[in-house]
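Note: hydrogens, waters and symmetry copies are ignored here, and every other heavy atom, side chains too, is used. Positions are given from 1 along the sequence. Counting convention: from 1, in listed order, for ligands and their atoms alike.
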Amino acid sequence: MSKICVVGTGYVGLVTGTCFADLGNDVVCLDVNETRINNLNNGKMPIYEPGLEQVVSLNKKAGRLNFTTDYKLALDKADFAFIAVGTPSGVDGEADLQFVRSAAEAIAEIVNHPIVVVNKSTVPVGTGDWVADIIKKRRTVIGTPLEFSVVSNPEFLREGSALSDFMEPDRVVLGSTNREAANKVAQLYSTLRCPILVTDLRTAEMIKYASNAFLATRISFINEIANMCEEMGADVQEVAMGMGYDNRIGHAFLDAGLGWGGSCFPKDVKALAHMAVLHGTHPQLLQAVMDINRNQRRRVIYKLRKALGNLDEKVIGVLGLSFKPNTDDIREAPALEIIHLLENEGAIIRAYDPQAMESTSEVFKRVIMCENPYKVAEGADALVLATEWNEFKQIDLKRIYDLMREPIIMDGRNLWDPEKVISLGFKYFGVGRGAYPNGENNA
Ligand code: UGA
């Protein structure tokens, strides 16, 4: 059993701390946000993540998981200090490291025993060295050196399946110049039975960015193919299937749709492109990947205009607001940009999401939030499916048809069978469904 301090109780920190406690370690999660810590101490989760609340409560009861705002308490006798704070996008897309700096400074101020500092936040290549430097410099001022090492341990947790991603990882990546420190961190993961790759610090940091950028690239690639499919009469779902059977390609992350969103891909692709420019290389592929993603949302407006003409005063229903199912996270969600563009055209928006209506209402005051998908459909001129929540799969489309003013469906996630939708009398728009291009051949 190790004593672990996790700095930051955002999505990554909370999941990491909870899972390490569940593996039998003694974990203290720290956050400077008092309300958040009070809530956690009262069993209230700051995020919606399936299964998290139960595992937190179980480990709290077992005394292995505690929450505090007090650095001294959190770092007391800690073998490891995980830094899992936010690294938001700065003005030019660069990662803002102010929270990483504060965490490093606090560790340097407080700790007086050997410790391994583990960087879990997604940070620019070179940050591990920078953190080590901050700690060393601070200790020089204090006058007593600290025995410590920095290890980079990027996270590969998906929102919505973060617990199982932690407990059954494809791999664990550890970067450090100190092999002994990397081995100590490897021990924490040893029961998970997965490949553990040990590299130098900068390589580990790059693996994180390259992985997210590659996944975003796959999605933008299939979306570009989808747009071609629409014009050339092919079906992107089957194209992706046919490609995926090739072991060199695989099936994952080839679902065409409204593009990638969330708190990670947009921020990380932008940050990697920014880093590339700073280092004198030209990230032309990443630029294209971002352009395609932006356009994918705009195409919805283009298709709606094509179907309805002027969108002023048109009532558009939006199903799904979170950036993907099983999360309440609306950061960079395609639905939000689509709503923004539609509101600019004068459209009236009715919307429903199982988890994300409250947060969306704070940003979009004029959107009419409805208690279910059928209320959204009432009097709507078109319905846009933006997030493929399970509960939309078995929706009563006949009932939806009867409620709408104009039976137009924009299935932005290719959730429904176009044949079925069309047979009910809808005008159907999918993504990359060339046999049913832009609603022309149907209804
Ligand atoms: C992503 C990565 O998958 C994780 O490995 C990584 O740890 C995490 O970012 C992070 O850096 O913290 P996440 O943002 O939770 O996880 O979401 P994903 O499941 O990867 O989906 C990202 C976006 O791509 C969503 O908007 C989703 O709708 C979209 N997507 C995904 C597609 O449009 N098509 C696909 O085939 C797959």
Side-chain angles (χ1 to χ4, degrees), residues 8 10-16 47-50 84-89 95 119-123 153-166 168-173 204-226 236-237 239-241 243-244 249-272 289-290 292-294 296-297 299-300 320-338 353 356 385-389 411-415 431-432:
Y11 171 73
V12 173
L14 186 55
V15 170
T16 301
I47 49 165
Y48 169 76
E49 179 65 30
V85 296
T87 51
S89 273
N119 219 341
K120 262 234 171 269
S121 301
T122 301
V123 290
N153 173 212
E155 54 86 14
F156 303 103
L157 308 173
R158 283 164 301 175
E159 292 188 23
S161 54
L163 295 179
S164 55
D165 283 350
F166 188 97
E168 298 149 39
D170 290 339
R171 80 306 206 181
V172 166
V173 173
E205 289 164 348
M206 182 53 105
I207 288 172
K208 167 66 191 185
Y209 279 106
S211 300
N212 272 3
F214 184 71
L215 291 169
T217 302
R218 278 179 73 103
I219 301 167
S220 282
F221 174 84
I222 202 66
N223 281 336
E224 182 160 287
I225 295 289
V236 76
Q237 304 261 84
V239 170
M241 188 70 79
M243 286 168 62
I249 298 174
H251 292 286
F253 279 69
L254 285 181
D255 289 327
L258 301 178
W260 35 276
S263 64
C264 305
F265 286 0
K267 169 173 78 72
D268 293 349
V269 177
K270 220 195 272 177
L272 184 57
V289 165
M290 289 188 279
I292 293 167
N293 202 49
R294 217 169 294 123
Q296 207 59 13
R297 288 119 197 243
R299 277 179 72 84
V300 175
L321 298 165
S322 57
F323 82 97
K324 66 172 190 178
N326 299 326
T327 174
D328 58 355
D329 197 338
I330 54 167
R331 284 175 285 181
E332 303 273 343
L336 267 57
E337 187 167 355
I338 290 165
D353 185 284
L385 179 102
T387 318
E388 67 280 28
W389 284 93
D411 183 354
R413 297 291 180 178
N414 292 336
L415 187 72
V431 180

side-chain contact (heavy atoms from CB on, under 4.5 Å) partner of Asp329, chosen from Cys264, Ser322, Ser263:
Ser263

Taking NZ, NE, NH1 and NH2 as the nitrogens, is one of them in Glu388 or Lys324 under 4.0 Å from a carboxylate oxygen of the other?
no

When you check ligand 1 against the protein, what N or O pairs turn up below 3.5 Å? List the atom names and distances, or just say none.
from: ligand 1; atom 1: 7 (O); to: Glu155; atom 2: O; distance (Å): 3.4
from: ligand 1; atom 1: 7 (O); to: Glu155; atom 2: OE1; distance (Å): 3.1
from: ligand 1; atom 1: 7 (O); to: Leu157; atom 2: N; distance (Å): 2.9
from: ligand 1; atom 1: 7 (O); to: Leu157; atom 2: O; distance (Å): 3.1
from: ligand 1; atom 1: 7 (O); to: Lys208; atom 2: NZ; distance (Å): 3.3
from: ligand 1; atom 1: 11 (O); to: Lys208; atom 2: NZ; distance (Å): 2.6
from: ligand 1; atom 1: 11 (O); to: Asn212; atom 2: ND2; distance (Å): 2.7
from: ligand 1; atom 1: 12 (O); to: Glu155; atom 2: OE1; distance (Å): 3.4
from: ligand 1; atom 1: 12 (O); to: Glu155; atom 2: OE2; distance (Å): 2.6
from: ligand 1; atom 1: 15 (O); to: Glu159; atom 2: N; distance (Å): 2.6
from: ligand 1; atom 1: 15 (O); to: Lys324; atom 2: NZ; distance (Å): 3.1
from: ligand 1; atom 1: 17 (O); to: Lys324; atom 2: NZ; distance (Å): 3.1
from: ligand 1; atom 1: 19 (O); to: Lys324; atom 2: NZ; distance (Å): 2.8
from: ligand 1; atom 1: 26 (O); to: Gly261; atom 2: N; distance (Å): 2.9
from: ligand 1; atom 1: 26 (O); to: Phe323; atom 2: O; distance (Å): 3.1
from: ligand 1; atom 1: 28 (O); to: Arg413; atom 2: NH1; distance (Å): 3.4
from: ligand 1; atom 1: 33 (O); to: Arg413; atom 2: NH1; distance (Å): 3.4
from: ligand 1; atom 1: 34 (N); to: Asp255; atom 2: O; distance (Å): 3.0
from: ligand 1; atom 1: 36 (O); to: Leu254; atom 2: N; distance (Å): 3.3
from: ligand 1; atom 1: 36 (O); to: Asp255; atom 2: N; distance (Å): 2.8

What residues, two or more places apart in sequence or in another chain, satisfy side-chain hydrogen bond (donor to acceptor under 3.5 Å, both in side chains) together with Ser121?
none

Measure from the side-chain N and O atoms of Asn119 to the backbone N and O of Pro154, and report whether any donor-acceptor pair falls under 3.5 Å.
no

Please enumerate all residues that pass side chain to side chain contact (heavy atoms under 4.5 Å, CB included) together with Met243, with sequence neighbours excluded.
Phe221, Ile222, Val239, Ile249, Leu254

Residues at least two apart in sequence or cross-chain that pass ring pair (Phe, Tyr, Trp, His ring centres under 6.0 Å) with Phe166, listed by chain then number, are Phe20, Tyr189

